[in-house]
Amino acid sequence: MTKDLLNAASSWVVPLLILGIPTYAYAAKRIRVYESFIEGAKEGFQIGVRIMPYLVAILVAIGMFRASGAMDWMVAILQPVVAWVGFPVEALPSSLMRPLSGSAAFALSSDIFKLYGPDSFVGRLVSVIQGSTETTFYVMAVYFGSIAVRRTRYTLAASLITDLAGIIAAYIICRLLF
């Protein structure tokens, strides 16, 4: 009974919010909702145009990283180290690609799912890594590009350290749980 009631209520929450928020803004705050929406859309379009060069630059860098064989070279160099600590070598390309591009890392993870299965240790590990790390370079390109920040100071180093911490934590947690 309670579950059916919650299911029925949950299907109405989003439509009520979509209708209720503009109605409240107009009725209680006297905000001209449509005009505010149009101004926000104009500003969003301008931000989209402003960050386009940064996005193109990061996409070209990702393409060059993959096409040049630099990722394969990094995997070959890091392979003995990660194998020594017991980290699956199969998860290394996805882990290296994650700070650059979430979709490219997901494509590499999909290959792992096809080869080993999503319920394998390496499948679970790349899934947890996807969830516990960030697409650092992409996020920096979008957010710093939108406000035209050129000197990022320590952001890149701190972000890459947190990505490494996320990968290590994902490995430890997967070892403990699976």
Side-chain angles (χ1 to χ4, degrees), residues 14 40-178:
V14 173
K42 284 180 187 175
E43 190 175 318
F45 185 75
Q46 291 168 349
I47 289 172
V49 169
R50 194 173 13 188
I51 66 171
M52 192 61 68
Y54 300 100
L55 288 176
V56 169
I58 191 69
L59 292 176
V60 167
I62 291 167
M64 289 173 56
F65 182 68
R66 293 186 74 182
S68 68
M71 189 174 81
D72 298 332
W73 181 72
M74 286 182 69
V75 168
I77 288 175
L78 293 174
Q79 189 172 2
V81 175
V82 296
W84 182 70
V85 296
F87 188 89
V89 176
E90 300 84 7
L92 192 56
S94 177
S95 302
L96 290 174
M97 186 56 74
R98 178 70 177 152
L100 294 172
S101 169
S103 57
F106 183 73
L108 292 171
S109 297
S110 294
D111 290 342
I112 288 173
F113 297 152
K114 287 177 190 169
L115 284 174
Y116 301 101
D119 290 332
S120 65
F121 178 77
V122 68
R124 289 178 174 168
L125 177 62
V126 295
S127 297
V128 174
I129 288 172
Q130 290 270 333
S132 59
T133 58
E134 184 57 69
T135 55
T136 301
F137 288 94
Y138 179 80
V139 168
M140 285 181 64
V142 170
Y143 290 114
F144 286 140
S146 68
I147 56 174
V149 171
R150 297 197 188 279
R151 292 189 60 212
T152 59
R153 298 183 50 121
Y154 306 109
T155 306
L156 179 61
S159 299
L160 291 177
I161 289 170
T162 57
D163 282 339
L164 180 63
I167 292 169
I168 292 170
Y171 175 68
I172 292 170
I173 289 170
C174 285
R175 273 284 179 215
L176 292 174
L177 294 179
F178 305 117

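Annotation: side chain to side chain donor-acceptor pair (under 3.5 Å) contacts involving residues 63-89, sequence neighbours excluded, are absent. Applying the salt bridge (charged side-chain N to carboxylate O under 4.0 Å, His left out) test to residues at least two apart or on different chains, the pairs with a partner in residues 109-138 are D119-R124. Within the structure, side chain to side chain donor-acceptor pair (under 3.5 Å) pairs that include any residue of residues 137-148 do not occur (at least two apart or interchain). Under the side chain to side chain donor-acceptor pair (under 3.5 Å) criterion, the residue pairs touching residues 159-170 are T136-D163, with sequence neighbours excluded.
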Checklist entry - Between F121 and E90, does a side chain to side chain contact (heavy atoms under 4.5 Å, CB included) hold up when you go through it step by step? => result CA-CA 11 Å; F121 178 77; E90 300 84 7; over 6 Å; no
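Partners of Y116 by ring pair (Phe, Tyr, Trp, His ring centres under 6.0 Å), not counting sequence neighbours: none found. Partners of V60 by side-chain contact (heavy atoms from CB on, under 4.5 Å), not counting sequence neighbours, listed by chain and number: V56, M64. S101 meets the side chain to side chain donor-acceptor pair (under 3.5 Å) test with S103; sequence neighbours excluded. Evaluation of the ring pair (Phe, Tyr, Trp, His ring centres under 6.0 Å) rule for F137 yields no partner, not counting sequence neighbours. For K42, the salt bridge (Lys or Arg N to Asp or Glu O under 4.0 Å) partners two or more places apart in sequence, or in a different chain, are E39. Residues satisfying the side-chain contact (heavy atoms from CB on, under 4.5 Å) test with A105, not counting sequence neighbours, are S94, M97, R98, Q130.
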Donor-acceptor pairs under 3.5 Å, side chain of residues 167-176 to any protein atom, not counting sequence neighbours: which ones?
| from | atom 1 | to | atom 2 | distance (Å) |
| --- | --- | --- | --- | --- |
| Y171 | OH | V85 | O | 3.4 |
| Y171 | OH | G86 | O | 3.0 |
| Y171 | OH | R175 | NE | 3.0 |
| R175 | NH2 | G86 | O | 3.3 |

